[in-house]
Amino acid sequence: MSKKNIAVLKGGRSLERSVSLKSGGRVEKALRELGYRVEAIDVDARLVRRLKELKPDAAFIAMHGSGGEDGTVQELLDILGIPYTGSDVLPSVRCMDKVLTKHIFVADGVPTPPFYAFNRDAFQELGAADTLPYIGEELGFPIVVKPSSQGSALGIRFAHNVDELPAALISAFSFDNKVLLEKYVKGRELAVSIIGKEPRALPIVEAIPKSEFFDFESRYTMGKADYVVPAEIPGEVAAAAEEISLKVFSVLQCSGFGRVDIIMDENNGLHVLEINTIPGLTETSLMPMAAEADGIGFNGLVEEVLATALESA
């Protein structure tokens with residue numbers, strides 16, 4: 001019996017389009033090697049029409065950022081009755097919004113760096129700029145300023161003093177209407193990938209950027225960062241990081257797969273930054289590294305993620 005027909009959704013029009021095309025291309029290749037019939041779709045205004053014509057058994061969503069990771073395409077697939085990989089609409093909406101995610105972390109006791117958040121109206125109409133000195137005193141410097149709804153470290157700026165905050169905010173507002181101001185925690189960058197119908201953690205990856213911060217260039221340029229997997233951290237810290245990550249995955253009602261980003265401070269304390277519901281699947285992405293270390297490899301990772309969608313059909 002021939003294997004099922006899978007639509008791989010990639011590209012789109014978000015700022016992470018180039019990363020998405022790379023992720024989707026790798027997924028496409030893996031599915032073909034696994035024997036599936038594959039229809040690759042570079043997502044545009046014809047998406048619904050194409051899906052109605054193709055009638056795929058499932059869609060593998062390899063779209064990052066707005067349109068693909070924020071519940072938009074998931075909603076369309078629900079309307080069309082097409083099963084898909086990754087989280088449903090509600091967790092996608094929650095996790096794409098970093099500010100909302102942080103509030104949920106606080107409410108559920110997930111350790112996360114202290115923060116404040118504003119939308120554009122607060123600055124234009126309510127005088128929020130006058131709170132910046134207070135925020136600087138409360139959080140201390142440097143402060144990480146990031147758009148609420150961008151991935152791949154896009155739009156992130158670091159303010160080293162109160163005078164640098166306005167420029168950092170203007171930069172972040174150019175990417176989104178809402179921004180997050182977060183206390184900078186110096187430490188080691190850990191990534192915990194979660195996979196499966198019964199969620200389990202893959203080996204932890206440590207990313208060691210060669211620049212000061214793990215930014216977009218460090219993430220997607222060969223040679224700009226080193227990676228250690230499994231991360232060389234104490235066993236009890238690794239176990240705690242996995243436990244926290246699984247809790248985050250559950251609290252936000254995620255499914256299929258995801259990646260939790262954590263900072264481990266100099267005292268081995270763990271601070272959750274965010275969760276990505278559609279992690280990068282490129283050659284330099286962290287989840288594929290974890291899959292290799294786990295022994296399932298990239299093809300095994302893709303097949304296990306797809307299985308969660310097919311089982312829900």
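Scope of the values below: all heavy atoms of this structure, side chains included, with no hydrogens, waters or symmetry mates.
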(request) Test side-chain contact (heavy atoms from CB on, under 4.5 Å) on Val248 and Ile194 and set out the steps. (result) CA-CA 10 Å; Val248 166; Ile194 308 295; over 6 Å; no

(request) Go through the steps for Cys254 and Ile275 under the test side-chain contact (heavy atoms from CB on, under 4.5 Å), then give the verdict. (result) CA-CA 9 Å; Cys254 297; Ile275 179 170; 3.8 Å; yes

(request) Given side chain to side chain donor-acceptor pair (under 3.5 Å), test Thr282 with Ser285 step by step and report yes or no. (result) CA-CA 5 Å; Thr282 73; Ser285 296; 2.8 Å; yes

(request) Output, in order, the C-alpha distance, side-chain angles, deciding distance and verdict of side-chain contact (heavy atoms from CB on, under 4.5 Å) for Lys98 and Phe115. (result) CA-CA 11 Å; Lys98 292 183 178 67; Phe115 70 99; over 6 Å; no

(request) Just do the side-chain contact (heavy atoms from CB on, under 4.5 Å) check on Glu182 and His271 with the steps written out, would you? (result) CA-CA 12 Å; Glu182 185 177 64; His271 309 264; over 6 Å; no

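Thr85 places a side-chain N or O within 3.5 Å of a backbone atom of Ile61 that can act as its donor or acceptor partner. At least one donor-acceptor pair closer than 3.5 Å links the side chain of Asp57 to the backbone N or O of Asn5. Judged purely by atom type and a 3.5 angstrom limit, Asp88 has no side-chain atom pairing as donor or acceptor with the backbone of Leu90. Remark: the backbone N or O of Ile278 is paired with a side-chain donor or acceptor of Glu69 at under 3.5 angstrom. Between the Asn267 side chain and the Gly269 main chain, no donor and acceptor come within less than 3.5 Å of each other. Without hydrogens or angle criteria, Arg259 side chain to Ala191 main chain gives no donor-acceptor distance under 3.5 Å. Side-chain N or O atoms of Lys3 include one that pairs as donor or acceptor with a backbone N or O of Leu34 at under 3.5 Å. Using a distance-only test at 3.5 Å, with no hydrogens or angles considered, no donor-acceptor pair links the side chain of Asp294 to the main chain of Leu202. A distance-only check finds no donor-acceptor pair linking the side chain of Asp108 to the backbone of Val110 [under 3.5 Å]. Distance alone, capped at 3.5 Å, is enough to place a donor-acceptor pair between the Ser245 side chain and the Ala241 backbone.
Residues Pro113 and Lys102 approach most closely at O-NZ, 2.7 Å, considering heavy atoms. Between Glu33 and Lys29, the shortest heavy-atom distance links the atoms OE2-NZ, 2.6 Å. The minimum heavy-atom distance between Pro147 and Phe175, with the atom names listed, is CG-CB, 3.6 Å. The two residues Leu181 and Phe118 make their nearest non-hydrogen contact at CD1-CD1, 3.6 Å. The shortest non-hydrogen separation linking Val229 to Ala290 is CG2-CA, 4.3 Å.
Going from atom NZ of Lys186 over to atom CE of Met264 covers 12.5 Å, rounded to the nearest 0.5 Å. Atom OG1 of Thr101 sits about 10.0 Å away from atom CG of Leu180, to the nearest 0.5 Å. Between atom OG1 of residue Thr72 and atom CE of residue Met96 there is a gap of 8.5 Å, rounded to the nearest 0.5 Å. Put simply, CE on Met63 and CD on Gln74 are 8.5 Å apart, with the number rounded to the nearest 0.5 Å.
Under the 4.5 Å side-chain heavy-atom criterion for grouping Ile, Leu, Val, Met, Phe, Trp and Tyr, Phe158 is not connected to Leu165 through any hydrophobic cluster. When hydrophobic clusters are built by joining Ile, Leu, Val, Met, Phe, Trp and Tyr residues whose side-chain heavy atoms come closer than 4.5 Å, directly or via intermediates, Phe123 is not grouped with Val99.
Considering Arg17, Arg50, Lys10 as possible partners of Asp42, the one that fulfils the salt bridge (Lys or Arg N to Asp or Glu O under 4.0 Å) test is Arg17. Looking at Ser20, Ser23, Ser18, Ser14 one by one, the single match for side chain to side chain donor-acceptor pair (under 3.5 Å) with His64 turns out to be Ser23.
Under the 4.0 Å criterion applied to side-chain N and carboxylate O atoms, Lys146 and Glu274 are not assigned as salt-bridge partners. With salt bridges taken as basic N to acidic carboxylate O contacts below 4.0 Å, none links Lys247 and Glu243. A salt bridge links Asp44 to Arg46: one of the charged nitrogens lies within less than 4.0 Å of a carboxylate oxygen. By the 4.0 Å N-to-carboxylate-O rule, Glu53 lies too far from Arg49 to be salt-bridged with it.
For the residue pair Ser148 / Asp97, a side-chain donor-acceptor distance below 3.5 Å is found, with atom types taken as modelled.
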